[in-house]
Colleague: 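Once you've had a glance at the structure underneath, I'll fire off some questions.
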Amino acid sequence: MTLAERHQFIINKIQKDQYINVIELCKDLKVSSVTIRKDLKLLEDKNLLFRTHGGATLNNPYAVDRPVNEKEKIQSSEKNKIGVAATKLIKANDSIVIASGTTLLYFVKNIPSGLNLTAVSSSLNISLELMRYPDVEVIQLGGLLRKSSSSVLGAYAEQVLQDFYFNTLFLGVDGIDLEHGLTTTNAMEAHLNRKMIDVSQKVVVLADSTKFGKRGFGKICGFEDVDHIITDKGVSEQIINHLESMGVTVTLV
């Protein structure tokens, strides 16, 4: 196989699967890992892919921090469907913790009435939305205000969480990477999210398909801490199978 043929094979595979693995390419193309890495470097230089540890992805793997009002407009239809699906996991009299994120705001807007919930959130926008429900007891975490996400973080918010234990954590993320796990663009927010995981019986991640293959600065957790991911049909079958092999339930909307 010529260099051009190898490159075309790699491009075709990454367009199909969104992510490719160096070891698998070595087996498919019957060449060394050194050769594959050189091929990936050349293709990255042509802006055809982004190299990652052990492979490459079609999308830019680095999550970018955007203001919450800008994020809300991205994938809005998919986020709403994800939010609706997530509400089906709530039971009457549940105590839930809701992290920050625009997908979680869509989730809160679709919560059915009459469930008699106790809800704790780090997001100001989410808490204000929850105030519309007469049957939901709302507890707003306090702390340092992160203006880009209209949410709080820091030691005080983490300390308050120690007084509670929740049925379910509904978590938003900036990146889901098969090697790096779940990440966000802010390290302090990642630390708060880990505290939320520690005090929750079940962790449900709400993330549209654009979050897959990306990673942010702050690592939240690995997939061993995740019970359920709700996303849209833009995620490749390869990624879904990999997540399910690690024991994560995946719901597509």
Side-chain angles (χ1 to χ4, degrees), residues 1-66 74-75 78-79 81-82 103 171-185 187 190 203 205-253:
M1 187 177 286
T2 66
L3 176 67
E5 289 172 334
R6 273 203 323 273
H7 285 186
Q8 190 59 54
F9 179 92
I10 291 170
I11 291 169
N12 290 343
K13 187 171 180 61
I14 200 170
Q15 287 177 342
K16 177 185 176 183
D17 298 335
Q18 298 183 31
Y19 174 82
I20 50 177
N21 182 278
V22 169
I23 296 174
E24 291 179 2
L25 288 174
C26 291
K27 292 177 181 177
D28 292 339
L29 297 172
K30 296 179 173 57
V31 294
S32 70
S33 61
V34 174
T35 298
I36 293 298
R37 288 190 172 91
K38 286 181 179 178
D39 288 341
L40 296 180
K41 175 68 167 62
L42 289 170
L43 292 171
E44 184 178 50
D45 291 342
K46 295 178 180 179
N47 297 318
L48 295 172
L49 51 76
F50 295 91
R51 287 184 297 161
T52 64
H53 179 70
T57 178
L58 195 60
N59 302 309
N60 188 336
Y62 301 104
V64 178
D65 190 22
R66 295 187 177 95
I74 302 172
Q75 298 281 98
E78 289 81 0
K79 289 177 179 178
K81 291 177 183 178
I82 292 167
T103 309
L171 179 66
V173 299
D174 290 319
I176 300 178
D177 185 276
L178 294 182
E179 294 179 8
H180 296 271
L182 275 57
T183 56
T184 182
T185 55
V203 176
V205 177
L206 281 59
D208 67 83
S209 57
T210 64
K211 304 294 178 64
F212 285 79
K214 286 187 165 53
R215 56 182 182 267
F217 177 69
K219 180 170 181 176
I220 300 170
C221 66
F223 295 106
E224 66 276 4
D225 292 319
V226 178
D227 297 285
H228 199 147
I229 294 177
I230 304 176
T231 187
D232 61 79
K233 296 176 182 177
V235 180
S236 73
E237 186 177 353
Q238 180 191 27
I239 292 175
I240 295 168
N241 291 339
H242 191 96
L243 291 170
E244 290 178 337
S245 71
M246 292 187 287
V248 179
T249 299
V250 180
T251 297
L252 299 180
V253 298

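A quick note: this is a predicted structure, and the numbers were derived from the prediction, not measured.
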Colleague: Under the criterion side-chain contact (heavy atoms from CB on, under 4.5 Å), I'd like the reasoning laid out for V226 against L243: C-alpha separation, chi angles, the key distance, then a yes or no.
Modeller: CA-CA 10 Å; V226 178; L243 291 170; over 6 Å; no

Colleague: Should we count CD1 of I23 as having more than 12 external heavy atoms under 6.0 Å?
Modeller: no

Colleague: If we ignore hydrogens and angles and just use 3.5 Å, is the side chain of T231 paired with the main-chain N or O of A207 as donor and acceptor?
Modeller: yes

Colleague: Go through the steps for T52 and R215 under the test side-chain contact (heavy atoms from CB on, under 4.5 Å), then give the verdict.
Modeller: CA-CA 10 Å; T52 64; R215 56 182 182 267; 3.9 Å; yes

Colleague: Does V235 reach the side chain of I176, with side-chain heavy atoms less than 4.5 Å apart?
Modeller: no

Colleague: Report yes or no: does D227 contribute a side-chain atom to a donor-acceptor pair with the main-chain N or O of V203 at less than 3.5 Å?
Modeller: yes

Colleague: Could you pull out the closest heavy-atom pair between G216 and T183, with the gap in Å?
Modeller: N-OG1, 2.7 Å

Colleague: So does G181 get a backbone contact from the side chain of K219, meaning a donor-acceptor N/O pair under 3.5 Å?
Modeller: no

Colleague: Quick one: are T35 and R6 in side-chain contact, heavy atoms under 4.5 Å?
Modeller: yes

Colleague: Within the 4.5 Å heavy-atom criterion, are E179 and Y19 side-chain neighbours or not?
Modeller: yes

Colleague: Could you measure the distance from the NE2 atom of H180 to the CZ atom of F223? Nearest 0.5 Å is fine.
Modeller: 10.5 Å

Colleague: Is a side-chain N or O of D232 found less than 3.5 angstrom from the main chain of S209, in a donor-acceptor match?
Modeller: yes

Colleague: What I'd like to find out is whether the side chain of V31 reaches to under 4.5 Å of the side chain of M1, using heavy atoms alone.
Modeller: no

Colleague: Which atom names give the shortest non-hydrogen contact between K211 and D174, and what distance separates them?
Modeller: CD-O, 3.5 Å

Colleague: Rounded to the nearest 0.5 Å, how far apart are CD1 of I10 and CD1 of I36?
Modeller: 4.5 Å

Colleague: Do side-chain atoms of Q238 reach the backbone of Q18 as a donor and acceptor pair under 3.5 angstrom?
Modeller: no

Colleague: Determine whether H7 and L3 satisfy the following criterion, side-chain contact (heavy atoms from CB on, under 4.5 Å), listing intermediate values before the conclusion.
Modeller: CA-CA 6 Å; H7 285 186; L3 176 67; 3.3 Å; yes

Colleague: Should D17 and S236 be marked as a side chain to side chain donor-acceptor pair (under 3.5 Å) after you check the CA-CA gap, both sets of side-chain angles, and the distance that decides it?
Modeller: CA-CA 6 Å; D17 298 335; S236 73; 5.9 Å; no

Colleague: Hey, what do you get for CG (L49) to OG1 (T57), rounding to the nearest 0.5 Å?
Modeller: 8.5 Å

Colleague: Taking all non-hydrogen atoms of both residues into account, name the closest pair between V253 and I230 and its distance.
Modeller: CG1-CG2, 4.2 Å

Colleague: Within this structure, what is the CD1-OG1 distance for the pair I229 and T251, rounded to the nearest 0.5 Å?
Modeller: 10.0 Å

Colleague: Calculate, to the nearest 0.5 Å, the distance between atoms CG and CD1 belonging to L43 and I20 respectively.
Modeller: 7.5 Å

Colleague: Any side-chain to backbone donor/acceptor pair from T249 onto H228? Under 3.5 Å, distance only.
Modeller: no

Colleague: Report the C-alpha distance between D39 and F9 in whole Å, list the side-chain angles of each, state the deciding distance to 0.1 Å, and finish with yes or no for side-chain contact (heavy atoms from CB on, under 4.5 Å).
Modeller: CA-CA 11 Å; D39 288 341; F9 179 92; over 6 Å; no

Colleague: Might you confirm whether atom CD of E237 has over 12 heavy atoms from other residues, nucleotides or ligands at distances under 6.0 Å?
Modeller: no

Colleague: Calculate, to the nearest 0.5 Å, the distance between atoms CG and CZ belonging to D45 and R51 respectively.
Modeller: 7.0 Å

Colleague: List the atom of F217, the atom of A187, and the distance in Å for their closest heavy-atom pair.
Modeller: CE2-CB, 3.8 Å

